[in-house]
2 protein chains.
Amino acid sequence: MNTAVVKESPVQAEDFLPLNGTDYVEFYVGNAKQAAHFYKTAFGFQSLAYAGPETGVKDRVSYVLVQNKLRFVLTTPLKTGSDIAKHIDMHGDGVKVLALWVDDARSAYAETIKRGAKSYMEPVVEKDEFGEVVRSGIYTYGDTVHIFVERKNYSGAFLPGFKTWNTVYNPEPTGLQYVDHCVGNVGWNEMNTWVEFYENVMGFRNLISFDDSDISTEYSALMSKVMSNGNGRVKFPINEPAEGKKKSQIEEYRISTAAPVYSTWLSLPITLSKPLRRLKTEVWSS
Amino acid sequence: MNTAVVKESPVQAEDFLPLNGTDYVEFYVGNAKQAAHFYKTAFGFQSLAYAGPETGVKDRVSYVLVQNKLRFVLTTPLKTGSDIAKHIDMHGDGVKVLALWVDDARSAYAETIKRGAKSYMEPVVEKDEFGEVVRSGIYTYGDTVHIFVERKNYSGAFLPGFKTWNTVYNPEPTGLQYVDHCVGNVGWNEMNTWVEFYENVMGFRNLISFDDSDISTEYSALMSKVMSNGNGRVKFPINEPAEGKKKSQIEEYRISTAAPVYSTWLSLPITLSKPLRRLKTEVWSS
């Protein structure tokens, strides 16, 4: 039957969710200024933009960093009991938003909602003197969300509401280029649910699969299915724990971060080239 | 009357709470490893000790830094809903413990409890292969506590339960010497309550007072009474907001940190000597 064929090979002739790449990754953290200092010093990120009380945002501060095609947003709550604070209590410093760069945020929202996505944010138009940005958002695993960012009519530093962040302290870049993939660590028996979500709701395909005989140590194991969008610019491996002598890596990570079900790892394309010796010295050995 | 004279001049002939100085300052923070990296890079602190799951502590990680007589402990919770997490939600990254170095932690506890202190921790003896430490603790303003540390029979890196923290990344010291004073910012009409606490419960004296004509700007003002122990090694200014055109500095700080009543500032003896140019560049201008 036609339906069965579609399910087995979910890559469609026309991509209903064309993605240009990762737009930004937003972390909810306990101390955004110190986190920014860390990513600047150890990873060579550069200061890009800022939002907070000085720009009219009352409940949070956000520092935005950039390095080549990577943009990180580091956000700290200013109010007790906020959703941001609850996320930090639950997950520690962690990823909240995996934002995806699109040409049409309204269409991205409509197409994914139509296919069963849970809405996080209906399309919103934000404007300032540099133009306008359209953003919309849907939930993925756990508390993590995807925000679709349409910025073709915008020339500002980051987004409306942010001002350029100029700093005196600007360590050299380390050579990081772009977000290669972002890993979602889900609970027992939940990998296929989220594989199907990325297939059916977002039009991704399963690029490659690893079972516990591929990824294991003496003590732990995991299974992984790598989901990719049509042009391969956005890849989300979905990991699930597997039985090992001891707890799996995923299970240990989930327990150690106190996250009941889901958590997100971010991977960058790291090779030990010369500028990255500093990274190795400052981060991995500290 | 004799009582009135004692109240007006609370310095007693014999110091019932002899203090050798500040032992350590413990901060509850969202990301202890990044905070440690920040204090190392920007302030020139050195790696000293570590406690966490690897040393048998299940619910937190603590990184200890040192520079001359300064010791900072940076602690992050590993469990959701813990007291540490609640402190961070309420105050943001902030000081929890102002630890005081004593020769007799049992006596320090007994003498302050006898004078009305609220107990935080009865005297506890902790031991390892480097000897033993006795610690006890009392509450001060808000959620902040004083822990009395008796370490005359101890030769380890920091405290029993901590292991030496050796790192490859060790920026140069900036020249910070010791904790000069720690400021407590209390609410309206509460300065004198805490001045009396330090006089009556801890045997401190009021070294100097500033009113709103001494400390004010066009928009804000504050009052401050500096409390000092007998030998002057421990100084705690107690600040209270005063009426100004706009909110006072204290009131603004209290609102911005979402702390309903109390918060703590830490001051270090900073002069702009040569090694501190790095500090100025890396922290104040970032």
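Convention: sequence-line order gives letters A, B, ...; per-chain numbering from 1.
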A:Tyr50: what forms a ring-ring contact (aromatic ring centres under 6.0 Å, His included) with it, not counting sequence neighbours?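 ring-ring contact (aromatic ring centres under 6.0 Å, His included) list for A:Tyr50, sorted by chain: A:Tyr63.
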Looking at every heavy atom in both A:Thr80 and B:Asp89, which two are closest together, and how far apart are they?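 Closest heavy-atom pair between A:Thr80 and B:Asp89: OG1-O, 3.2 Å.
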Looking at every non-hydrogen atom in both residues, tell me the closest pair between B:Gln34 and A:Asp93 and how far apart they are.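 Looking at all heavy atoms of both residues, the closest pair is OE1-OD2, 4.1 Å.
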Is the closest side-chain heavy-atom distance between A:Tyr169 and B:Thr41 below 4.5 Å?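 Of all side-chain heavy-atom pairs linking B:Thr41 with A:Tyr169, at least one is under 4.5 Å.
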Sort and list the pairs that fulfil salt bridge (charged side-chain N to carboxylate O under 4.0 Å, His left out) and have at least one residue in residues 64-76 of chain A, not counting sequence neighbours.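 Output for this query lists A:Asp23-A:Arg71.
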Quick one: CD1 on A:Ile88 to OG1 on B:Thr76, what's the gap to the nearest 0.5 Å?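 Nearest 0.5 Å value for the CD1-OG1 distance: 11.0 Å.
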Atom pair OH (B:Tyr39) and NE2 (A:His37), whose distance is rounded to the nearest 0.5 Å: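 With rounding to 0.5 Å, OH (B:Tyr39) is 11.0 Å from NE2 (A:His37).
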Residue, of A:Ala36, A:Ser47, A:Gly81, A:Pro77, that accumulates the most heavy atom pairs under 4.5 Å with chain B: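 Most heavy-atom pairs within the cutoff with chain B belong to A:Gly81.
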